[in-house]
Amino acid sequence: MPCPDFATWLAAQPRPAHPESAYHYAAEGFSQIAPLLRDYPGVIRVECFGESGQGQPLWAFHIHNPGLPSEGSMLVFASIHAMEWVPAEIAFAWIQAVVPLAPAIDLTVVPVLNPDGRQRVERDLLEGKNRYHRGNAARVDLNRDFSVFRDTDSIWPSLIPAYYRKTPGALSQPETQALDRLAQRPYDVALSLHSFGGFFYYPWTGRWQRAEDWQEFQRLGRVMQASMGAHAYRPRQLSRWAFFFRAQGSEIDHLYGKYGTIAFLVETTRSGIERLEDFRTYFRWYNPRDPARHIREGIRYLRAMSLELVAGRAKRLPPPLPPETSP
Ligand SMILES: [Zn+2]
């Protein structure tokens, strides 16, 4: 099926009244971008860069200033995991904040990388069903479907297999294939927005050992941290979150290992659990009742990273060869 025209697609999307009024259903979020496409045609354009497993278009918004030379490139993509909605809110808000400013960088924003999973969560909320969703339509965890460090160097998988679940193969899903095609540009910086945790995670995620550029990751992580104020997230190598933890085949190991892109996985918020009964509601685990503060913070660290690019302080690195041996 060829990609639809954005406006035609958008007009056909249902926009039901729903129980999470502080959040936008995906179609509502995309409809916020439509006026920008009309009012800033030289600054923002939309691209359908692939299709989901169920044939939904994958939308990317490309933003740049036609009057200024580009000082760098940044890819922001959100909501790879179905229940994590704060990231999409940040992505939609960031597009609206940045387009009128027309920064001197090439910026690509993908607000919803997993529209099928997202649609499932939207339907369940409408029907009052409390169900847990993470993957795409094939129930594959897209955040474990990439090509770098799919194998583990740890003895822990045999003891806690749930942490080391594998997908059918590298880039086995249409969503991850499409993201890889988009990432081949390649970008200087990429941020994959998740929830929750409160960290700016950097590679490696699939190995305990340090990435050769880990000090550069730390530095840029601290730049984003410093922009946030009171509730700042901290930069950390993801595999060092806990001694037993690895994420095999993650998007940031792929983007950094294959393309040298400075890739962060941002765990936005520190969960939405505010009351005891929230533990029973899967949606609440990831999504605070009021996402406003997290959206404002998101715009701050995205802006801070953009300024690093404009200043020439964030450049893509020579792609590191994945280490041959286990540490
Ligand atoms: Zn996630």
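Just follow the structure's listing: the first ligand is 1, and inside any ligand the first atom is 1. All figures in this text were calculated on a predicted structure; none of them were measured in a lab.
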*Using a cut-off of strictly less than 2.8 Å, determine whether Glu84 has an N/O/S atom near the Zn ion (ligand 1).*
yes
*Answer with yes or no after comparing the ring centroid distance for Trp285 and Tyr282 against a 6.0 Å cut-off, counting only values under it.*
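Trp285 vs Tyr282: aromatic centres under 6.0 Å.
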_Counting only heavy atoms not in Phe279 (residues, nucleotides, ligands), do more than 12 fall under 6.0 Å from its CZ?_
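No, the 6.0 Å shell around CZ holds no more than 12 heavy atoms from other groups.
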_When you compare the side chain of Leu302 with that of Met305, does any pair of heavy atoms fall below 4.5 Å?_
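No, too far: nothing below the 4.5 Å cut-off.
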*Which atom, among the N/O/S set of His81, is closest to the Zn ion (ligand 1)?*
ND1
*asked:* Only N/O/S atoms count here: what is the atom of His194 closest to the Zn ion (ligand 1) called?
replied: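 Sorting the N, O and S atoms of His194 by distance to the Zn ion (ligand 1) puts ND1 first.
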*Locate the shortest heavy-atom distance separating Ile295 from Ala93; write the atom from each residue and the value.*
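Closest heavy-atom pair between Ile295 and Ala93: CG2-CB, 3.4 Å.
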